[in-house]
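Reading through the structure tokens given below for one structure.
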Amino acid sequence: EWVSRRGRRRRVAASRMTALVRGWLARRNMARLRARRRARDQARWAQRRAVQTRVWRRVFEAEHAAVEVWCEEGKAIRTREDVRTRSTKRFEAQWRAYSRDLEEHIRVSERQRDRFYASVDKEGRACWVSSNTAKTYHFHPIDRRVERNLAGERDKAMQRHEAHLEALEAAWAREDEAQAAFMDSALGDLATVASQVLCPPRSVE
């Protein structure tokens, strides 16, 4: 009887130990399973976050590029107006100095070539008479020549000035075309990225 009790105790102890080992193994396996799930979820989250980070970075870069182009357009408009104004002012200042010197040169040359004195014609009208040819003029010949020469030189100067402005406008038009193409590309990238943000692709698990 004593031996049988001792055997029962051993069997109970063995069964308890088996239950403890099984429980420990079950808890260990569950902990490992949770750890694997947690690692898998973290990896998926990190992957999604990396994708969203790349997408939002592209959104920011596209928006930044668009804002820069808009700012440059505003600056270019103000700069071009300043260039036009300065160019016109410089042209007028140069023309005043040139016309003054040209008028003086014409008058000196005409006086060396011929002299005119004031008189009246048969009808009593004021006139100027050439000392070389005795020809009568009802306008001052030197003033008329000065006016004609200045008008001709003014036309030539205006043509050169307008050609200069046209060259500037052509260069600015090329810049505008390049900026418009860049803006179209940036806005296209922004629309593509925005569609990816609103409808992100599903990741294959």
Side-chain angles (χ1 to χ4, degrees), residues 56-195:
W56 283 110
R57 183 179 293 116
R58 289 181 61 190
V59 171
F60 172 75
E61 290 175 353
E63 289 180 346
H64 184 67
V67 170
E68 279 190 345
V69 171
W70 286 329
C71 293
E72 288 298 326
E73 285 181 356
K75 262 195 230 175
I77 291 173
R78 293 189 294 272
T79 301
R80 292 171 185 179
E81 289 297 330
D82 293 340
V83 170
R84 293 188 189 97
T85 303
R86 287 198 303 270
S87 179
T88 301
K89 288 182 178 179
R90 183 170 57 249
F91 168 76
E92 293 297 339
Q94 292 174 349
W95 170 252
R96 284 194 296 270
Y98 175 75
S99 62
R100 186 169 53 249
D101 295 340
L102 179 61
E103 180 179 357
E104 182 179 357
H105 171 72
I106 293 173
R107 291 186 182 279
V108 171
S109 299
E110 291 296 329
R111 290 193 188 102
Q112 291 176 353
R113 190 173 60 180
D114 197 355
R115 293 279 181 174
F116 299 90
Y117 59 92
S119 180
V120 291
D121 60 5
K122 297 178 180 180
E123 298 177 357
R125 293 180 300 176
C127 62
W128 286 265
V129 180
S130 171
S131 59
N132 292 337
T133 63
K135 188 176 179 178
T136 302
Y137 300 90
H138 290 93
F139 52 84
H140 200 293
I142 295 180
D143 291 343
R144 179 61 61 87
R145 288 170 188 167
V146 168
E147 291 175 1
R148 288 178 178 175
N149 280 275
L150 289 180
E153 292 297 323
R154 173 76 179 186
D155 291 339
K156 295 177 184 178
M158 283 298 298
Q159 290 176 1
R160 290 192 295 268
H161 178 60
E162 290 174 357
H164 171 67
L165 292 180
E166 288 176 358
L168 289 178
E169 295 292 343
W172 292 337
R174 290 191 295 271
E175 291 179 0
D176 292 340
E177 290 178 359
Q179 286 185 352
F182 180 78
M183 177 63 75
D184 291 340
S185 175
L187 292 178
D189 292 341
L190 184 59
T192 302
V193 174
S195 64

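One-based numbering along the sequence shown.
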Problem set entry | Check: Thr85 side chain, Glu81 main-chain N or O, donor-acceptor pair, under 3.5 Å |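 Side chain of Thr85 to backbone of Glu81, a donor-acceptor pair under 3.5 Å: yes, one is there.
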
Exercise. Hey, are the side chains of Trp172 and Val83 touching, using non-hydrogen atoms and a 4.5 Å cut-off?
Worked result: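 Yes. Closest side-chain heavy atoms under 4.5 Å.
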
Exercise. Roughly how far apart are Ser99 OG and Glu92 CD, rounded to 0.5 Å?
Worked result: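 Interatomic distance, Ser99 OG to Glu92 CD, rounded to 0.5 Å: 9.5 Å.
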
Exercise. In Å and rounded to the nearest 0.5 Å, what is the CD to CD1 distance from Glu103 to Ile142?
Worked result: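 One finds 11.0 Å between CD of Glu103 and CD1 of Ile142.
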
For this session: Output every pair passing side chain to side chain donor-acceptor pair (under 3.5 Å) with a member in residues 155-170, not counting sequence neighbours, ordered by first then second residue.
Result: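 Every pair satisfying side chain to side chain donor-acceptor pair (under 3.5 Å) with a residue in residues 155-170: Arg84-Glu169.
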
Problem set entry | Contact summary for Leu102 and Asn149, nearest pair of heavy atoms |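 The pair with the smallest heavy-atom distance is CD2-O, 4.4 Å.
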
Exercise. Considering all heavy atoms of both residues, which atom of Ala157 and which atom of Trp95 are nearest to each other, and what is their separation?
Worked result: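 In terms of heavy atoms, the two residues are closest at CB-CE3, 4.3 Å.
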
Exercise. Just wondering, more than 12 heavy atoms not from Glu104 lying within 6.0 Å of its CD?
Worked result: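 Check fails, neighbour count at 12 or below.
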
Exercise. Quick check: are there more than 12 heavy atoms from other residues, nucleotides or ligands sitting under 6.0 Å from CZ of Arg107?
Worked result: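 Atom CZ in Arg107 is packed in, count exceeds 12.
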
